[in-house]
Amino acid sequence: MPIAAAQGPNGSAAPVPVVVAPQPDGSAVMCDLAADGTRLASAVRLNDFSSAIADRERSDRVRWVWAAADGCYPDLLRAGLRLARCHDVALVEALLLGRDGRHGEPATLAGAWARLRGERAPRRAATPSGSAQQALFEPTEPGLPEGAAVLDALIAVYADQLAKIGADEAQARLRLLAAAESAGALAAAEMCFDGLPWRADVHDELLAGLLGPRPPRGSRPRRLAELAEQITAAFGGRPVNPDSPAQLVRAFAAEGVSVPSTRSQVLRDVHHPAAPLLLQYKELARLHSAHGWAWLDSWVADGRFHPEYVVGAVVSGRWASNGGGALQIPRVLRRAVVADPGWTLVVGDAAQLEPRVLAALAADRAFAEAAAAGDLYAELAGAFGGDRSKAKVALLSAMYGGAGGEAGQLLAVLRRRFPDAAGYVEAAARAGEEGRVVRSVLGRACPQPSAAWRSLTASASSAGAGASVRARGRFTRNFVVQASAADWALVLLACLRPRLTSLAGPDGAGRPHLVFFQHDEVIVHCPDALAQPVVAAIEAAAQEAGRLVFGATPVRFPVTTAVVSCYGDAK
DNA sequence: TTCCGTTGCGCG
DNA sequence: AAAGCGCGCAACGGAA
């Protein structure tokens, strides 16, 4: 079966794999490979890493095979390059290790090279934080040969990875996953480089409006100080630090109010004059500490927020972020995300992604037909007495393993009306409870249970065994859905990148930038005139992703798009 | 002083 | 009776 990811648009020839390694002196060694990863020519050495890559990228359809995009690509971006595709040895190695139940072993090129030769993988070299890049350009990465000989390791490991993928029972999907994960690494580096448009002045005004003017470093903003005083007064003048849960619990106890914790959820039901004040305080204090002026100082420069996305850091295949909390931007701050003059933001959000993914995964006919519509929950409402919200609760409970409140009854309805969908997640839960692993649709494996879990659950009588078994079941139940949704989103990203590139001017001028990706949501920053083509590109990429990941299915994956100048205006 | 586990809350 | 999934970050407070 031809693999779509290995085949260009219009049936053009598959890209040529070219293995490349930057050298400490700024030069590069590279070598053309055959489709099966074997050496096609002898290695060449080129004086300048980025110009060597640029020349080749211009003249050929290349898949760059390298140790890791997060090491190589930022330099190339700074040099003004954009690459179409790569094979990220480290990310693919992590996928393959996970598939073999070996999560946690070093997934670096050096680790893979050592395993290939039956040696112990070198422990990851201790590097200063965030300097994967530095490590790569160290003259001698531990465990790797120096100079052009590093290509031997790269070529051998790449060929081995291709062989492992080819030997998998679901090789086409695994190959797609490897390509999408690698494309994700390119997208992540580009997003970090380009940055999310961020108006520091708008952010500052917003903070000042809620907290009072910017205070000296280290002291409480006016509004928080006022609330803290009022809280102290509400506790009869006994000084209490509202940031300290322990002090608050004691202060409530002294007033004869027993609280298990100081969570907002708990405080909402506490009848004491301090409770509503604390709720206000907590909300504002959180904004101040997590996304206040200090955040603005560290993360926003030149009108851009430059987060670092970490591909492959989450077991489900979702991205993580490192510094700046890129994936936890509070809704109120979306006001500060404003397009440049003459540019616009296209915000695309995959509607009800996870239940749709479940529908496609389970191939539940009745469910899948409902998922052919725009509002899945509304479509399912009929099965739940016409109540859309009940349909939603039932679905979320099925996917998360919740069974509280009325969820139990709603699950029973779900099981009766959509037996295959319910059966799919329940089979995943059972697998987890039995200590087995599950996989996403494209073959990303969940981690095996820990040794501690195994020994705890080995005897049903030991305390906590039942709870641990059920927790593992909820994890695997959710994993199959969340990880498959992540597969879909990653493929969407991989399909969207080339479409956006093709909208750029001849010299790359006015190129639409992907500037944000959050699980099921993308933001593209583009010139005003390109807004509609970008909308079309996102929708087309979503449909392409659905087809590539799930094949023939009636399930649709609609993306809600909004063309706005301010992120706060989307939705 | 630094380190680390816990608490709590933001996002999906 | 309490409880669903996955993350990152900041502050606290005890331990080293």
Side-chain angles (χ1 to χ4, degrees), chain A residues 218 220 224 240-250 259-268 278-279 281-292 294-295 298-299 307-334 349-355 357-358 392-408 410-411 425-426 428-429 432 438 440 444 446-447 464 466-468 470-486 488-489 516-522 567 571:
Chain A
R220 276 199 181 112
L224 286 181
V240 58
N241 176 3
D243 292 316
S244 168
Q247 286 185 33
L248 288 172
V249 170
R250 283 196 295 271
V259 290
S261 77
T262 59
R263 286 192 169 90
S264 303
Q265 202 74 42
V266 171
L267 291 181
R268 267 188 262 283
L278 272 169
L279 286 170
Y281 179 90
K282 277 167 167 286
E283 192 179 338
L284 293 175
R286 165 134 196 115
L287 179 66
H288 178 240
S289 71
H291 290 95
W295 182 92
S298 351
W299 296 104
E308 184 188 341
Y309 292 97
V310 191
V311 180
V314 180
V315 289
S316 66
R318 282 181 168 188
W319 291 8
S321 69
N322 203 339
L327 301 179
Q328 295 101 236
I329 298 171
R331 300 186 82 91
V332 287
L333 281 192
R334 295 180 180 185
D349 188 302
Q352 305 157 340
L353 178 59
E354 292 194 350
V357 163
L358 174 57
K392 187 171 177 177
V393 168
L395 255 298
L396 293 179
S397 302
M399 293 186 298
Y400 290 161
E406 61 175 352
L410 296 177
L411 277 175
V425 281
E426 277 160 16
V438 294
S440 72
R444 191 188 304 267
C446 82
S468 295
R470 286 190 296 276
R472 174 81 190 170
R474 286 192 301 273
F475 169 64
T476 50
R477 168 196 292 269
N478 182 253
F479 182 93
V480 291
V481 178
Q482 188 185 110
S484 299
W488 178 88
F516 190 64
F517 173 56
Q518 188 179 35
H519 314 314
D520 60 359
E521 185 175 1
V522 294
Y567 185 22
K571 278 201 236 185

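Reminder, nothing fancy here: chain letters follow the sequence lines and each chain counts from 1. Since the structure is predicted, the reported quantities are computational estimates derived from the model, not experimental observations.
- Counting any heavy atom pair closer than 4.0 Å across all strands shown, A:V481 reaches no nucleic acid atom.
- Nucleic acid contact for A:Q518: sugar-phosphate only, since backbone atoms but no base atoms lie under 4.0 Å from a heavy atom of the residue.
- Scanning atom types as modelled, no donor and acceptor separated by under 3.5 angstrom connect the side chain of A:R477 and the base of C:dG4.
- The A:R331 side chain lies nearest to B:dG12 when the options are C:dA11, C:dG6, B:dG12.
- One interatomic measurement links the two molecules: CD of A:E308 to C1' of C:dC7, which rounds to 16 Å at whole-angstrom precision.
- For A:E521, the salt bridge (charged side-chain N to carboxylate O under 4.0 Å, His left out) criterion is met by no residue, not counting sequence neighbours.
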Close N/O contacts between protein and nucleotides 12-16 of chain C (under 3.5 Å):
{"unit_1": "C:dC12", "atom_1": "OP1", "unit_2": "A:N241", "atom_2": "ND2", "d": "3.4"}
{"unit_1": "C:dG13", "atom_1": "OP1", "unit_2": "A:S244", "atom_2": "OG", "d": "2.4"}

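- As judged by a 4.0 angstrom heavy-atom cut-off over every strand, A:R334 is placed among residues touching the sugar-phosphate backbone only.
- Put simply, CG on A:L278 is 15 Å from C1' on B:dT7, counting in whole angstrom units.
- Remark: P of B:dG12 and NZ of A:K392 are 11 Å apart, rounded to the nearest angstrom.
- Taking atom CZ on A:R472 and atom P on C:dC5, their separation rounds to 13 Å, with Å as the unit.
- Tested against A:D243 for a salt bridge (charged side-chain N to carboxylate O under 4.0 Å, His left out), the candidates A:R220, A:R286, A:K282 yield a single pass: A:R220.
- Closest to the side chain of A:H519, from the set C:dG6, B:dC9, B:dG8, is C:dG6.
- Across the protein-nucleic acid pair, A:H291 atom NE2 and B:dC9 atom C1' stand 11 Å apart, rounded to whole Å.
- A gap of 25 Å separates the P atoms of B:dC9 and C:dA1, to the nearest Å.
- An anti orientation is assigned to B:dG8, its glycosidic angle lying beyond 90° of 0.
- How far CD of A:Q482 is from NE2 of A:H519: 8.0 Å, rounded to the nearest 0.5 Å.
- Going from atom CG of A:L284 over to atom P of B:dG8 covers 18 Å, rounded to whole Å.
- Contact annotation: A:R286 side-chain N/O to B:dT7 OP1/OP2 distance is not under 4.0 Å.
- More than 12 non-hydrogen atoms from other residues, nucleotides or ligands lie less than 6.0 angstrom from CD of A:E426.
- Taking the P atoms as reference points, B:dG10 lies 23 Å from C:dA2, given to the whole Å.
- An OP1 or OP2 oxygen of B:dC9 is reached within less than 4.0 angstrom by a side-chain nitrogen or oxygen of A:K282.
- Closest contact between the side chain of A:R318 and the listed nucleotides B:dC11, C:dG6, C:dC7 involves C:dG6.
- Evaluation of the salt bridge (charged side-chain N to carboxylate O under 4.0 Å, His left out) rule for A:R477 yields no partner, not counting sequence neighbours.
- A:Y400 is linked by a side chain to side chain donor-acceptor pair (under 3.5 Å) to nothing, counting only residues two or more places apart in sequence or in another chain.
- For the pair A:Q265 CD and C:dA2 P, the computed distance is 13 Å after rounding to whole Å.
- Between C:dG6, C:dA10, B:dC11, one nucleotide has an atom nearer to the side chain of A:V314 than all others, and that is C:dG6.
- Rounded to whole Å, atom P of C:dG6 lies 17 Å from atom CG of A:L353.
- Taking 4.0 angstrom as the limit, A:R263 places a side-chain polar atom (N or O) nearer than this to OP1 or OP2 of B:dG8.
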*Apply side chain to side chain contact (heavy atoms under 4.5 Å, CB included) to A:L278 and A:L248, showing your working.*
CA-CA 10 Å; A:L278 272 169; A:L248 288 172; 3.8 Å; yes
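- Here the CG-CG distance, from A:L353 to A:L358, works out to 11.0 Å after rounding to the nearest 0.5 Å.
- Residue A:T262 places at least one side-chain N or O closer than 4.0 Å to OP1 or OP2 of B:dG8.
- In the set B:dC11, C:dC7, B:dG8, B:dG8 carries the atom at the smallest distance from any side-chain atom of A:S261.
- With a cut-off of 3.5 Å on both pairing distances, the Watson-Crick and G-U wobble pairs of DNA chain C assemble into stems of 3 or more at B:1-12 with C:5-16.
- For A:S321, no side-chain nitrogen or oxygen approaches OP1 or OP2 of C:dG8 to under 4.0 Å.
- Rounding to the nearest 0.5 angstrom, the gap separating the OH atom in A:Y567 from the CD1 atom in A:I329 is 7.0 Å.
- A:T476 contributes a side-chain N or O that, together with a main-chain N or O of A:G473, makes up a donor-acceptor pair within less than 3.5 Å.
- Among the atoms of the strands shown, none is found under 4.0 Å from any heavy atom of A:L287.
- Partners of A:D349 by salt bridge (charged side-chain N to carboxylate O under 4.0 Å, His left out), not counting sequence neighbours, listed by chain and number: A:K571.
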